[in-house]
Chemist: 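After the C-alpha cells below, expect a handful of questions from me.
Letters A, B, ... mirror the listed sequences (proteins, then strands); counts begin at 1.
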Amino acid sequence: MMQTLLDQFSESIRLAGTRRRPLRIRGSGSKDFYGGTPSGEVLDASGYRGIVDYAPEELVLTARAGTLLHEIEAVLAEQGQMLPFEPPHFGPRATLGGCVAAGLSGPRRASSGAVRDFVLGVRMMNGLGESLQFGGQVMKNVAGYDVSRLMAGSLGTLGLLLEVSLKVLPKPQAEATLQFELNELQALEKMNRWAGQPFPISATCYHDHVLTLRLSGAQSAIQATHAKLGGQLMVADDEFWHGIREQTSRFFREESSLWRVSLPSTATLQLPSKQLIEWGGALRWVFTDEDGAKVRALAEQARGQATLFRSATKPKIIFHPLPKPLLQVHQRMKRAFDPQGIFNIGRMYPDF
Amino acid sequence: MKSDRLLKRLREFLPPESILSEREDLNPYESDGLTAFRQLPLVVVIPETEAQVQQVLRLCFAEAVPVVARGAGTGLSGGALPLSNGVLLSLAKFSRIEHIDPLARTARVQPGVRNLAISEAAAAFGLYYAPDPSSQIVCSIGGNVAENSGGVHCLKYGLTVNNILALRVITIEGEILEIGSAALDSTGYDLLALMTGSEGMLGVITEVTVKLLPKPERAQVLLAGFDSVEKAGAAVADIISAGIIPAGLEMMDKLAIRAAEDFVHAGYPLDVEAILLCELDGMNEEVSVEIKRVHSILQQAGATTVRTALDDAERLKFWAGRKAAFPAVGRLAPDYYCMDGTIPRKRLPQVLRRIHDYSAHFGLAVANVFHAGDGNLHPLILYDANKPGELVRAEAFGAKILELCVEVGGSITGEHGVGVEKIDQMCVQFMTQELALFHALKKSWDEQGLLNPGKAVPTLHRCAEYGAMHVHHGKAKFPNVPRF
C-alpha cells in the first residue's frame with residue numbers, strides 16, 4: 001500500500017511537471033499559517049506514514065513523513081527518549097514531514113540544537129518524481145552534499161519529504177524550573193552569562209519582568225545549580241513550557257501580527273511593543289502592527305532578521321528578504337531540485 | 001590557459017612572495033595528508049586579503065582555470081590534491097582570530113586558524129570550541145568546515161556543522177556571500193549545512209564564526225577491558241540505553257591496543273580483545289553520580305577490568321594512547337591505510353568479523369579504532385608500499401571495507417570526506433539520480449565546474465565503469481555468491 005502511495009506521488013509530480021501546474025505539499029495543515037500560501041493543487045502527503053525503524057540503543061528513529069509527531073513522541077517516551085529539539089506541533093495532527101519542512105524548534109533549541117542538527121537522513125522525491133535518498137541512519141556521514149539538512153526548513157520548496165531519520169536523545173533524568181524577577185537588560189545579561197558556565201540550562205523565557213529558566217539533567221546537578229543561582233522554584237512547569245512551545249500561553253493571545261525575530265543573543269531590539277524572549281536572548285516574539293519594512297529595519301539594526309509569523313492577512317513579503325547574490329543562489333538551487341518549478345511556489349519567497 | 005600568461009595576470013594584484021611557480025616551491029603542496037596521491041599544481045597562490053582571494057577567483061573564472069583551496073593540508077582523503085592545470089589556493093595566511101565575544105560565546109576567525117588555537121584563545125573566558133579532530137594541533141578551521149570534521153566528542157557535542165554559526169564565502173564568480181549569522185537561525189535554505197562538508201566544491205571560505213561552549217566543570221574517564229569485541233559493543237549499547245550520553249566513547253581492538261601501549265605506555269591492559277574508553281563530563285555532582293553508574297554497567301557487561309582515572313594526569317594518559325593510535329599503528333608496518341566508514345553500532349561484531357575475513361584473504365593485518373558512540377570505524381590496514389602489489393591489495397581491501405559499511409546501512413565516510421580517495425565508493429552509496437542531483441547542485445554554485453573538480457562526486461560515466469560488482473543500498477546484485 002505504501003508503494004502504491006509512492007507511485008501516486010510520483011505520478012502526480014510528473015503530471016504536474018508536464019502540465020506546469022504547481023503542487024501544494026500538505027501534511028495535516030497544522031502550519032498553514034506559516035509562510036505564504038502556495039498556489040496549486042494540494043498534494044496530500046499525510047497518508048505516507050508509520051515508523052519504519054527505531055533502535056533506542058542506537059539513538060536513531062526513522063519514520064515516514066506523514067507519521068504524526070505525537071505518535072513519534074509517544075513511542076520515544078516509552079523508551080525514555082525524546083526529540084531533542086522539542087518541536088512545536090501547532091495542531092493535534094502535526095506530521096514529521098511538516099516539522100522538518102518548517103524547521104521550527106522549541107524551547108530546548110539554544111542548548112540542544114535545532115531540527116536540522118538532528119536530521120541524519122532523508123528519502124525525498126524531487127521535481128521529476130524520482131525517489132532519492134541522502135544521509136542515512138548513522139551519526140556521522142560526510143559522503144556527498146548534506147541534502148538531508150538542507151531539507152530542514154526548506155518548506156517543501158525543494159521536494160516532497162518521504163522519510164526522515166532523526167538522532168534522538170535520552171530524556172533528562174530530572175527537570176526543574178526557576179523564576180527570577182528582573183528587568184530586560186538584567187535578564188539578557190544573566191541568560192548569556194549563565195550560558196557561558198557549565199550549568200544544565202535547557203530553556204529560557206523572559207516576559208513581563210520575569211525570567212524563567214529550565215534546568216535538565218541529574219537531580220544532583222539541578223540541586224547544585226539551584227543553590228548557586230537562587231530563584232523561585234516553579235510548580236506546574238511542564239504546562240508553562242508547553243504553553244510557550246505551542247504558543248497557547250497568555251502572551252500569545254493577541255489580535256495584532258506576531259513577528260519572529262532571530263538575532264544575536266546579546267542584542268537589544270528597539271521595538272516598543274509586547275515581547276517575549278526565548279533561546280537565551282536569540283529569539284524574540286513580538287506583537288506589533290507596525291509596517292513590515294520598519295520591523296525588518298529594526299531587526300537588521302540588531303543584526304537580526306524578522307519573519308512575519310502569524311497575521312490576519314498575508315502580505316507579499318513574509319520572510320526576511322535575501323540579499324541579491326544569495327537570492328540568486330537560492331533560485332538556482334531550487335531549479336536543481338525542481339526544474340519545472342512545481343513545489344510550493346510562493347511558500348517561502350514570492351517566486352519559489 | 002598558458003601558465004606564463006596566468007602568472008603575469010596574478011602578478012598584477014599579488015605580491016611576488018604570494019605566488020609560487022618554481023618546482024621546488026611547489027613540491028610541499030603536491031599532496032595533503034593522503035600521501036598516496038601526488039600531483040604538482042600549475043601554480044600556488046598564497047593571498048593575504050579577502051580582496052586578493054576574490055581577484056584570484058575572478059581571474060580563474062574568466063580564464064576557466066580550475067582552483068583547489070587548501071588549509072593546513074592535513075586532510076586524509078585527497079580533497080586538497082592539486083590539479084596539474086590548476087591553481088592551488090592556500091589560505092595559510094588567513095591565520096587571525098578576529099574577535100572573541102565571551103558574553104555571546106562566539107569566535108569570528110579566519111579560515112587558516114588552527115582548530116586548537118581557537119580553544120586556546122577562548123580558554124581565558126572558560127570557553128572552548130568543541131569539535132576536536134585528532135589533528136587539532138595543526139588542522140585549520142576552514143578545512144574543518146570543508147570536511148565537516150568530527151573528533152572524539154561528537155556524540156555529545158556534535159560535528160563541525162553543529163558548532164558553527166556563520167561563514168563568509170566567495171563564489172567562483174567572485175561574489176561574497178554571508179551565510180548564517182550571529183543569530184541561531186537565518187531565513188532561506190540552510191546553506192550553512194550545505195557548505196559544511198562540501199569539500200571546496202561550492203565556494204572558498206574566508207571567515208568562520210564558531211560557537212564556544214563553557215568548559216565542563218569536571219571530566220572523568222573510565223577504562224574497561226573486555227575478552228571479546230562483542231561484549232565491548234554490548235557495553236556501549238548498555239551505557240546509552242541507560243540514558244547516559246558520554247562525552248567520549250572509544251573502542252580499540254587488540255592490535256591497536258598493543259601498538260598504542262608500546263608507543264605511549266598509556267596503561268592499557270594487554271590481555272584483552274578490546275578496550276573501551278568512556279569519558280563523562282559536566283557539573284561535578286553529575287559526573288560523580290554517572291561515573292558510578294557507568295562503572296557498574298561496565299562490570300555487568302562482563303568487563304574483565306574497569307579503572308577510573310585517578311587524576312587528570314591519568315585521564316590524559318588514557319586519552320594519549322587513543323589519540324596516538326594512528327602513529328602507533330604506523331610503527332607496526334612501513335605504511336598504513338586509514339579507513340573512515342560509519343555503521344549502525346549494532347552491526348559492529350558482524351563488521352569486525354568480516355574485516356578479519358578480508359584481512360586473511362588479502363594477507364594484510366588490520367588494527368581497528370572505533371568512535372564507538374557514533375559508529376565511526378577507523379580500520380588501519382598495514383602494508384609495505386615497497387613490496388610489489390601490497391598497495392594495490394591495501395586499496396582493494398579498503399574498498400571492500402567501505403562497501404561493507406554501505407551494505408550494513410552505514411556510510412563510506414564519517415569525517416574524512418570523499419576527496420579523490422573514496423570517489424569510486426560514492427557509486428556504491430548513491431544511485432545515478434542522487435549523483436545527478438549532486439551535480440545539479442554543484443552547477444547551481446559553479447556552472448563551469450572550476451572549484452575542486454574531480455573530487456567528492458564521481459561522474460556518472462565513472463560510476464558506470466566502476467559498476468562491475470555493484471552493491472546498492474544494502475542489496476548486492478548476486479547476494480548468494482560467496483565473496484571472500
Chemist: Taking all heavy atoms of L155(B) and all of L59(A), pick out the closest pair and write down the distance.
Modeler: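 Result for this residue pair: CD1-CD1, 4.1 Å.
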Chemist: Taking all atoms of both residues into account, what is the closest heavy-atom pair of S444(B) and M333(A), and its distance?
Modeler: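 Reported closest heavy-atom pair: OG-CG, 3.4 Å.
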Chemist: Heavy-atom pairs under 4.5 Å with chain B - which of F319(A), F134(A), Y145(A), W279(A) has more of them than the others?
Modeler: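 Maximum pair count with chain B is reached by Y145(A).
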Chemist: Can you confirm whether more than 12 heavy atoms, excluding those of K167(A), are under 6.0 Å from its NZ atom?
Modeler: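 Count over threshold, so yes.
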Chemist: Give, as side chain, backbone, both or neither, the part of T307(A) having an atom under 4.5 angstrom from any heavy atom of chain B.
Modeler: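 Interface part for T307(A): side chain.
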Chemist: If you count heavy-atom pairs under 4.5 Å between each of A440(B), G375(B), G417(B) and chain A, which one has the most?
Modeler: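 Looking at each of A440(B), G375(B), G417(B) in turn, A440(B) comes out on top.
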Chemist: For E58(A), is it the side chain, the backbone, both, or neither that has a heavy atom closer than 4.5 Å to a heavy atom of chain B?
Modeler: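 Contact with chain B involves both backbone and side-chain atoms of E58(A).
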Chemist: Just give me the residue among L263(A), N126(A), L283(A) that pairs up with chain B most often, heavy atom to heavy atom, under 4.5 Å.
Modeler: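 Between L263(A), N126(A), L283(A), the count favours L263(A).
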Chemist: Would you mind checking which part of V60(A) comes under 4.5 Å of any heavy atom in chain B, side chain (CB onward), backbone (N, CA, C, O), both or neither?
Modeler: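 When you check distances to chain B, no heavy atom of V60(A) falls under 4.5 Å.
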Chemist: With distance as the sole test, does E175(B) use its side chain to make a donor-acceptor pair with the main-chain N or O of P325(A) at under 3.5 Å?
Modeler: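 Pair absent, no side-chain N/O of E175(B) close to backbone of P325(A).
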Chemist: Under the ring-ring contact (aromatic ring centres under 6.0 Å, His included) criterion, do Y189(B) and F337(A) qualify, and how do the steps go?
Modeler: CA-CA 13 Å; Y189(B) 297 147; F337(A) 282 88; 7.8 Å; no
Chemist: State, to 0.1 Å, how close A336(A) and L441(B) come at their nearest heavy-atom pair, and which atoms those are.
Modeler: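 Between these two residues, the closest heavy atoms are CB-N, 4.0 Å.
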Chemist: Quick check against the 3.5 Å criterion: does E434(B) have a side-chain atom that pairs as donor or acceptor with the backbone of Q133(A)?
Modeler: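 Checked: pair present.
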Chemist: Select one option (side chain, backbone, both, neither) describing which atoms of L202(B) are under 4.5 Å from chain A's heavy atoms.
Modeler: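 Contact with chain A: side chain only.
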Chemist: Out of D340(B), I245(B), L435(B), return the one with the most heavy atom pairs under 4.5 angstrom to chain A.
Modeler: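 Top option by heavy-atom pairs under 4.5 Å: I245(B).
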Chemist: Could you walk me through whether S241(B) and Q79(A) pass the side chain to side chain contact (heavy atoms under 4.5 Å, CB included) test, one step at a time?
Modeler: CA-CA 9 Å; S241(B) 297; Q79(A) 302 294 329; over 6 Å; no
Chemist: Any heavy-atom pair between the side chains of N162(B) and R149(A) that's under 4.5 Å?
Modeler: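 The answer is yes, as the side chains (C-beta and beyond) meet within the 4.5 Å cut-off.
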Chemist: Heavy atoms only, distances under 4.5 angstrom: which of P344(B), A456(B), S198(B) has the most pairs with chain A? Name it, please.
Modeler: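 Top option by heavy-atom pairs under 4.5 Å: P344(B).
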Chemist: So for R293(B), is it side chain, backbone, both, or neither that comes closer than 4.5 Å to the heavy atoms of chain A?
Modeler: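 The side chain, not the backbone.
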Chemist: If you define the side chain from C-beta out and look only at heavy atoms, does anything of H371(B) sit under 4.5 Å from K140(A)?
Modeler: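 Yes, their side chains come closer than 4.5 Å.
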Chemist: Less than 4.5 Å to any heavy atom of chain B: does that hold for the side chain of A55(A), its backbone, both, or neither?
Modeler: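 Side chain only.
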Chemist: Of the backbone (N, CA, C, O) and the side chain (C-beta and beyond), which part of L326(A) lies under 4.5 Å from a heavy atom of chain B, both, or neither?
Modeler: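 Both the backbone and the side chain of L326(A) come within 4.5 Å of chain B.
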Chemist: Using non-hydrogen atoms only, which part of L159(B) is less than 4.5 Å away from chain A: side chain, backbone, both, or neither?
Modeler: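 When you check distances to chain A, only side chain atoms of L159(B) fall under 4.5 Å.
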Chemist: Looking at CD1 of I318(A) and OG1 of T187(B), how far apart are the two atoms once the value is rounded to the nearest 0.5 Å?
Modeler: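 Interatomic distance, I318(A) CD1 to T187(B) OG1, rounded to 0.5 Å: 12.5 Å.
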Chemist: Within the side chain of R332(A), is there an N or O that forms a donor-acceptor pair under 3.5 Å with the backbone of K443(B)?
Modeler: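 No; judged by distance alone, with no hydrogens or angles, the pair does not exist.
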Chemist: Of the backbone (N, CA, C, O) and the side chain (C-beta and beyond), which part of A143(A) lies under 4.5 Å from a heavy atom of chain B, both, or neither?
Modeler: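 Both parts, backbone and side chain.
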Chemist: Kindly compute the distance separating CG (D146(A)) from CG (D190(B)), expressed to the nearest 0.5 Å.
Modeler: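 Those atoms lie 8.0 Å apart.
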Chemist: Is A267(A) in contact with chain B via its backbone, its side chain, both, or neither, using a 4.5 Å heavy-atom distance?
Modeler: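 The answer is neither part of A267(A).
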Chemist: Using a cut-off of under 4.5 Å for heavy-atom pairs, which of K215(B), E173(B), Q425(B), E285(B) has the most such pairs with chain A?
Modeler: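 The option with the most such pairs is E285(B).
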Chemist: Side chain, backbone, both or neither: which part of L327(A) has an atom under 4.5 Å from a heavy atom of chain B?
Modeler: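 The answer is neither part of L327(A).
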Chemist: So, H330(A) side chain and G188(B) main chain: donor-acceptor pair closer than 3.5 Å or not?
Modeler: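 Side chain of H330(A) to backbone of G188(B), a donor-acceptor pair under 3.5 Å: no, none is there.
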Chemist: Quick one: what part of F118(A) sits under 4.5 Å from any heavy atom of chain B, side chain, backbone, both or neither?
Modeler: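 No part of F118(A) comes within 4.5 Å of chain B.
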Chemist: Would you mind telling me which of L155(A), L128(A), T157(A) has the largest number of heavy-atom pairs within less than 4.5 Å of chain B?
Modeler: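 The option with the most such pairs is T157(A).
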Chemist: Within the 3.5 Å criterion, strictly below it, is a donor on Q173(A) or E290(B) matched to an acceptor on the partner's side chain?
Modeler: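 Yes, because at least one side-chain N or O of Q173(A) sits under 3.5 Å from a partner of the opposite role on E290(B).
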Chemist: Is it the side chain or the backbone of R105(B) that comes within 4.5 Å of chain A heavy atoms, both, or neither?
Modeler: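 Interface part for R105(B): side chain.
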Chemist: For T171(B), is it the side chain, the backbone, both, or neither that has a heavy atom closer than 4.5 Å to a heavy atom of chain A?
Modeler: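 The answer is neither part of T171(B).
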Chemist: Tell me, do T342(B) and M139(A) make a side-chain contact under 4.5 Å, heavy atoms counted?
Modeler: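 When only atoms from C-beta onward are counted, M139(A) and T342(B) do not touch, as no gap falls below 4.5 Å.
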Chemist: Taking E286(B) for its side chain and S220(A) for its backbone only, find out whether a donor-acceptor pair lies under 3.5 Å.
Modeler: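 Such a contact is absent between E286(B) side chain and S220(A) backbone.
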Chemist: Could you check T225(A) against M283(B) for side chain to side chain contact (heavy atoms under 4.5 Å, CB included), going step by step and ending with a plain yes or no?
Modeler: CA-CA 9 Å; T225(A) 306; M283(B) 287 186 81; 3.2 Å; yes
Chemist: Can you name the one residue among R260(A), R116(A), Q305(A) that meets side chain to side chain contact (heavy atoms under 4.5 Å, CB included) with D185(B)?
Modeler: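 When R260(A), R116(A), Q305(A) are each tested with D185(B), the side chain to side chain contact (heavy atoms under 4.5 Å, CB included) holds only for R260(A).
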Chemist: Most heavy-atom pairs under 4.5 angstrom with chain A, which of G197(B), G150(B), C154(B), P102(B)?
Modeler: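 Of G197(B), G150(B), C154(B), P102(B), C154(B) has the most heavy-atom pairs under 4.5 Å with chain A.
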Chemist: Counting only N and O atoms by type, is there a donor-acceptor contact under 3.5 Å from the side chain of R303(A) to the main-chain atoms of S181(B)?
Modeler: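 Such a contact is absent between R303(A) side chain and S181(B) backbone.
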Chemist: Can V329(A) and L177(B) be said to form a side chain to side chain contact (heavy atoms under 4.5 Å, CB included), step by step?
Modeler: CA-CA 10 Å; V329(A) 167; L177(B) 304 180; 4.0 Å; yes
Chemist: Could you walk me through whether V142(A) and V418(B) pass the side chain to side chain contact (heavy atoms under 4.5 Å, CB included) check?
Modeler: CA-CA 8 Å; V142(A) 292; V418(B) 174; over 6 Å; no
Chemist: For chain B, find which of G304(A), P323(A), S262(A) contributes the most heavy-atom pairs closer than 4.5 angstrom.
Modeler: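 Looking at each of G304(A), P323(A), S262(A) in turn, S262(A) comes out on top.
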Chemist: Could you tell me which of A302(A), G153(A), P264(A), P339(A) has the largest number of non-hydrogen atom pairs under 4.5 Å with chain B?
Modeler: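 Looking at each of A302(A), G153(A), P264(A), P339(A) in turn, P264(A) comes out on top.
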Chemist: Let me know if M348(A) has heavy atoms under 4.5 Å from chain B in its side chain, its backbone, both or neither.
Modeler: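 It is the side chain, since no backbone atom gets that close.
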Chemist: If you count heavy-atom pairs under 4.5 Å between each of E415(B), M195(B), H439(B), H416(B) and chain A, which one has the most?
Modeler: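 Top option by heavy-atom pairs under 4.5 Å: E415(B).
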Chemist: Should Q429(B) and N141(A) count as side-chain neighbours, where that means a heavy-atom distance under 4.5 Å?
Modeler: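 In contact.
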Chemist: Can a salt bridge be assigned to the pair E217(B) and K228(A) using a cut-off of 4.0 Å between side-chain N and carboxylate O?
Modeler: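 A salt bridge is present here (some side-chain N lies under 4.0 Å from a carboxylate O).
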Chemist: Using non-hydrogen atoms and a 4.5 Å limit, figure out which bit of V289(B) sits close to chain A: side chain, backbone, both or neither.
Modeler: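 The answer is the side chain of V289(B).
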